[in-house]
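Below: the structure, in structure tokens.
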Amino acid sequence: MARPWMLALQLSELCVSSVVHLLYGFYIFSSAVAGDLSQALYDCLFFSLKHNVNTQEIPKDTSPSSSSSSASTNVVDLPPIVLVHGIFGFGKGKLGGLSYFAGAEKKDERVLVPDLGSLTSIYDRARELFYYLKGGQVDYGEEHSKVCGHSQFGRIYEQGHYPEWDEDHPIHFVGHSAGAQVVRVLQQMLADKAFKGYENTSENWVLSITSLSGAFNGTTRTYLDGMQPEDGHSMKPICLLQLCRLGVIIYDWFDIPWLKHYYNFGFDHFNMSWKKTGVWGLVDCLMGNAGPFASGDWILPDLTIQGSIQLNSHLRTFPDTYYFSYATKRTRKIMGVTVPSSILGIHPLLFIRVLQMSQWRHPSDVSPPYKGYRDEDWRDNDGALNTISMTHPRYPVEHPSRFVQSDSECQPLQSGIWYYKIVEADHIFFIINRERAGVQFDLMYDSIFERCRKHVFRKNPPTLPNLAHQ
């Protein structure tokens with residue numbers, strides 16, 4: 001009798017989760033469309049007014065003092081701060097005027113927000129990020145492309161967003177969720193000189209990495225959403241991720257240009273559109289015989305504990321790079337039991353998962369993901385990631401780290417150490433909706449940008465890396 005009731009409960013939970021995620025996705029999409037329409041209407045209504053105002057030109061100030069002032073505040077000399085989005089995220093230019101980082105990029109004059117694949121693997125996204133910055137056609141690598149069954153080459157960047165990027169012109173990276181792991185993989189690729197035609201890359205092209213709820217060690221949520229805890233690679237027959245898989249395949253198969261320009265999951269290099277595969281290609285993908293979900297070259301396997309351990313086994317913490325991590329949690333212990341810390345403080349999209357993750361138990365008939373695994377270590381969470389996963393890389397080898405309660409405790413910063421803070425927040429508290437975070441939003445991002453601009457330099461006295469050889 002217990003099995004039918006359990007199945008009914010699981011199906012009910014799946015139905016509720018699917019509806020909540022679908023409604024939230026529709027809310028984000030409709031908000032972006034509404035913002036674009038209102039901006040277009042504004043431009044149309046006031047077009048004539050602008051022309052009338054501009055009929056009388058104001059003489060330009062051509063005095064020497066004016067030109068010298070602009071030259072002295074040349075922001076091009078600043079090393080850029082690159083904000084890297086997480087799963088289901090998007091960069092500048094997607095979803096209209098909506099900002100994934102809730103407008104945080106406006107806090108500094110030299111910030112880049114790349115648009116990477118929202119569901120592509122961490123490996124593929126790291127490759128895309130390199131060519132976004134340096135320019136050229138994305139090269140996923142011949143061997144990797146053959147193994148995973150997709151094209152070797154992808155999007156073309158006619159002009160890189162920071163083509164001078166090298167050891168003398170390094171970059172600050174800020175990654176949210178899976179974006180933090182993407183940056184780590186990119187840095188390792190730079191150290192390994194993994195980009196054809198760029199034999200001079202090194203880990204020192206990365207000046208600092210700041211992680212916001214970074215997915216360093218995987219998450220138990222992947223198993224709740226449908227990944228098999230046995231291998232961390234395959235999916236359960238009926239689960240939220242299977243519904244996601246079907247939706248993504250159909251979305252990419254229809255390949256509606258204006259829609260994909262608005263939002264793209266990033267699987268163009270798998271060539272799943274109807275123009276290239278036809279109806280039988282769609283059937284093949286839906287049956288799980290082709291595409292990213294068949295090869296495992298997508299983001300979720302990288303976010304399981306097993307997948308993260310496999311990634312981490314090849315990733316180093318480098319001695320000349322500065323690392324800082326903000327780990328989030330929305331749980332607390334009451335009489336030894338981990339429960340959600342609040343109701344109103346947790347986004348409706350995440351509340352069920354906060355509760356489920358706080359009660360997670362690894363199946364007793366399945367081998368644990370690593371030696372010494374304990375369920376209780378993984379119960380504190382933010383609704384998407386476990387807090388233990390976000391502090392610093394831990395498995396299979398723990399990297400140097402130091403817990404801090406305030407930024408003043410880690411000045412001056414030492415390179416090669418993961419400084420981390422625990423923040424009371426859910427996983428999307430500091431993105432999308434600035435109003436939710438309130439004053440905490442400004443406090444956190446101001447401290448991040450201030451650290452990048454004033455406190456993180458390799459040279460003493462502090463000299464802008466871009467000016468080192470001028």
Side-chain angles (χ1 to χ4, degrees), residues 74-85 89 91-93 101 104-105 107-117 120 122-141 153-176 179-211 315-324 415-416 448-449 451-459 462-470:
N74 188 4
V75 299
V76 178
D77 291 335
L78 294 173
I81 300 171
V82 180
L83 306 182
V84 184
H85 64 75
K92 187 176 182 180
F101 288 93
E105 62 270 23
K107 285 181 168 289
D108 189 274
E109 295 177 293
R110 196 77 170 93
V111 177
L112 300 173
V113 189
D115 180 65
L116 309 175
T120 49
I122 287 177
Y123 173 95
D124 286 358
R125 293 180 65 193
R127 304 291 294 193
E128 293 165 5
L129 181 55
F130 177 84
Y131 290 98
Y132 166 90
L133 293 165
K134 288 296 286 185
Q137 185 171 22
V138 176
D139 183 353
Y140 295 104
F153 300 100
R155 181 176 176 179
I156 299 174
Y157 292 97
E158 298 290 350
Q159 176 66 37
H161 290 75
Y162 194 57
E164 60 267 43
W165 184 29
D166 58 20
E167 190 167 329
D168 293 323
H169 303 81
I171 290 177
H172 298 285
F173 287 93
V174 179
H176 175 252
Q181 193 76 322
V182 168
V183 178
R184 294 189 65 225
V185 170
L186 173 60
Q187 186 178 30
Q188 188 64 56
M189 288 178 176
L190 294 170
D192 296 339
K193 306 186 187 309
F195 297 95
K196 189 175 181 180
Y198 296 91
E199 286 73 25
N200 65 333
T201 61
S202 77
E203 64 274 14
N204 290 331
W205 285 30
V206 178
L207 184 51
S208 72
I209 297 177
T210 301
S211 166
L315 303 180
R316 295 165 53 200
T317 290
F318 294 97
D320 293 326
T321 302
Y322 299 89
Y323 301 92
F324 202 97
S415 59
I448 291 172
F449 291 135
R451 188 182 308 118
C452 290
R453 291 292 174 234
K454 293 183 178 180
H455 302 295
V456 181
F457 297 101
R458 287 201 182 100
K459 298 184 180 297
T463 303
L464 285 177
N466 304 65
L467 304 179
H469 296 300
Q470 293 184 7

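- Shortest non-hydrogen contact noted between Gln159 and Pro163 is NE2-CG, 3.4 Å.
- Thr317 places no side-chain N or O within 3.5 Å of a backbone atom of Gly416 that could act as its donor or acceptor partner.
- Taking CG of Leu78 as the reference point, atom SG of Cys452 lies at 11.0 Å (rounded to 0.5 Å).
- The nearest pair of heavy atoms linking Val138 to Tyr131 is CA-CD1, 3.6 Å.
- In this structure, Met189 CE and Leu315 CG are separated by 9.0 Å, a value rounded to the nearest 0.5 Å.
- A donor-acceptor pair under 3.5 Å is absent between the side-chain atoms of Glu167 and the main chain of Thr201, judged by distance alone.
- Between Tyr322 and Thr210, the closest side-chain pair of non-hydrogen atoms is not below 4.5 Å.
- Within the 4.5 Å cutoff, the side chain of Ile81 has heavy atoms near those of the Arg453 side chain.
- Applying the side chain to side chain contact (heavy atoms under 4.5 Å, CB included) rule to Glu203 yields the partners Gln187, Ala191, Phe318; only residues at least two apart in sequence or on another chain are considered.
- Val84 is listed as a side-chain neighbour of Arg125, based on a closest heavy-atom distance under 4.5 Å.
- Under the ring pair (Phe, Tyr, Trp, His ring centres under 6.0 Å) criterion, His172 pairs with no residue at all, not counting sequence neighbours.
- Here the closest non-hydrogen pair linking Lys134 and Tyr198 is CE-CE2, 3.7 Å.
- Within a 6.0 Å sphere centred on NZ of Lys92, other residues, nucleotides and ligands contribute 12 heavy atoms or fewer.
- Within the 4.5 Å cutoff, side-chain heavy atoms of Val111 are placed close to those of Phe449.
- Checked for salt-bridge contact, Asp139 and Lys196 miss the test: no charged N lies under 4.0 Å from a carboxylate O.
- Closest of all the heavy-atom pairs between Leu116 and His85 is N-NE2, 3.0 Å.
- With hydrogens and angles disregarded, a donor-acceptor distance shorter than 3.5 Å links the side chain of Glu128 to the backbone of Gly117.
- Put simply, the side chain of Asp115 does not reach to within 4.5 Å of the side chain of Tyr132, judged on heavy atoms.
- A distance of 5.0 Å separates CD1 of Ile122 from CD of Gln181, quoted to the nearest 0.5 Å.
- In terms of heavy atoms, Pro170 sits closest to Pro80 at O-CD, 4.4 Å.
- Every residue meeting the ring pair (Phe, Tyr, Trp, His ring centres under 6.0 Å) condition with Trp165, not counting sequence neighbours, appears here in chain and number order: Phe130, Trp205.
- Arg127 places no side-chain N or O within 3.5 Å of a backbone atom of Phe195 that could act as its donor or acceptor partner.
- A distance of 11.0 Å separates CG in Leu129 from NE2 in His161, rounded to the nearest 0.5 Å.
- Side-chain atoms of Gln188 come within 3.5 Å of backbone N or O of Arg316 as a donor-acceptor pair.
- Inter-residue side-chain proximity for Ile171 and Leu112 is flagged as unmet; no heavy-atom pair is nearer than 4.5 Å.
- Expressed to the nearest 0.5 Å, how far OG of Ser202 lies from NZ of Lys193 amounts to 6.0 Å.
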### Task
Could you give me the CA-CA distance, side-chain angles and deciding distance for Tyr162 and Glu164, then say whether side chain to side chain contact (heavy atoms under 4.5 Å, CB included) is met?
CA-CA 6 Å; Tyr162 194 57; Glu164 60 267 43; 3.3 Å; yes
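- In this structure, CG on Asn204 lies 11.0 Å from CG on Asp166, to the nearest 0.5 angstrom.
- Heavy-atom minimum distance, Leu83 versus Pro114: O-CD, 3.2 Å.
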